[in-house]
Amino acid sequence: MSWLLKPEPDVEVQFQQSSVVLINDIIVSDKYKISTTKTHLLKNKLSVSSEIILKVAQETIGQSKNIKWITYKKHRLTSSMYGNILAACYKKKYNPSLFKSLNNDYITTGVRAIEWGLNNKDAALSFLQKTENVVIQKTGYWIMVT
């Protein structure tokens, strides 16, 4: 099963030596709260090198089974979110559910489609490799520098 069902780890210890600044650490800081240039501050603090991007991709292999994957992903925009974001901007209507999904606040345990995907992912990847004669290399979360 996923890491969601495991006892909560000591995240403080795991991320003390992290090369990536977590967005939540910035937005709750006093410096951010009093800043008049919040966007500039975020861009500067979240800037990462190519080496760090590769390191994060390696550290987060396993996705939902990896606590670092969900922690690095939290509060970051991912490609799967853009459709909902653009639709909300177009309608000029920002539902609480949009912000809940942006914060990864949905509890997915018990969602049958997600459980089915987690339970059948390895078999599907194996089938794809055999039928398409390809090698699938597992990777983690890729941070994009903007």
Side-chain angles (χ1 to χ4, degrees), residues 1-125 128-129 134-146:
M1 285 309 284
S2 104
W3 68 270
L4 294 169
L5 300 177
K6 294 179 183 174
E8 190 169 328
D10 188 348
V11 176
E12 292 277 330
V13 172
Q14 282 193 353
F15 292 99
Q16 276 179 333
Q17 299 173 352
S18 173
S19 304
V20 177
V21 176
L22 303 178
I23 293 175
N24 199 49
D25 292 344
I26 299 169
I27 62 177
V28 298
S29 72
D30 291 334
K31 188 174 183 178
Y32 179 81
K33 289 176 185 174
I34 63 170
S35 175
T36 56
T37 57
K38 288 179 171 55
T39 302
H40 182 70
L41 177 69
L42 277 172
K43 282 185 178 183
N44 284 338
K45 293 280 188 184
L46 297 174
S47 176
V48 292
S49 67
S50 299
E51 292 82 19
I52 292 174
I53 291 170
L54 290 172
K55 183 178 178 186
V56 168
Q58 283 295 314
E59 288 179 352
T60 56
I61 291 173
Q63 295 190 353
S64 64
K65 293 179 182 177
N66 186 326
I67 184 67
K68 286 188 176 186
W69 178 79
I70 194 66
T71 304
Y72 286 146
K73 191 174 173 278
K74 188 159 179 92
H75 301 294
R76 290 186 185 264
L77 300 179
T78 60
S79 59
S80 61
M81 297 176 182
Y82 279 100
N84 292 337
I85 294 167
L86 292 173
C89 291
Y90 178 75
K91 295 175 189 174
K92 294 187 171 123
K93 186 176 180 182
Y94 309 96
N95 293 324
S97 63
L98 173 66
F99 295 101
K100 193 172 182 180
S101 66
L102 292 175
N103 285 323
N104 297 311
D105 285 340
Y106 281 106
I107 297 171
T108 58
T109 52
V111 177
R112 290 176 58 198
I114 291 174
E115 287 181 3
W116 187 92
L118 291 171
N119 292 335
N120 293 286
K121 179 178 68 172
D122 291 336
L125 291 174
L128 180 65
Q129 288 185 103
V134 295
V135 175
I136 297 173
Q137 182 177 346
K138 292 186 178 184
T139 186
Y141 183 65
W142 288 83
I143 296 173
M144 183 178 164
V145 179
T146 57

Candidates Leu54, Val56, Ile61 - the one meeting side-chain contact (heavy atoms from CB on, under 4.5 Å) with Gln58: Ile61
Ser29 to Ile26 - nearest heavy-atom pair and separation: OG-O, 2.6 Å
Considering all heavy atoms, the nearest Thr37-Ser35 contact: N-OG, 3.0 Å
Nearest-0.5 Å distance that lies between atom CG in Asn44 and atom NE2 in His40: 4.0 Å
Atom pair NZ/CD of Lys65 and Gln63 - distance to nearest 0.5 Å: 10.5 Å
Straight-line distance of Leu98 CG to Met81 CE, nearest 0.5 Å: 9.0 Å
Interatomic spacing from CZ in Phe99 to CG in Asn84 - rounded to 0.5 Å: 12.0 Å
Less than 3.5 Å apart, which donor and acceptor atoms pair up between the side chains of residues 135-142 and the rest of the protein, not counting sequence neighbours?
| unit_1 | atom_1 | unit_2 | atom_2 | d |
| --- | --- | --- | --- | --- |
| Thr139 | OG1 | Trp142 | NE1 | 2.8 |

Side chain to side chain donor-acceptor pair (under 3.5 Å) against Ser79, all qualifying residues, sequence neighbours excluded: none
Asn66 side chain to Lys68 backbone, donor-acceptor under 3.5 Å: yes
Closest non-hydrogen atom pair, Leu42 against Tyr32: CG-CE1, 3.9 Å
Flag if over 12 foreign heavy atoms under 6.0 Å of CG, Asp30: no
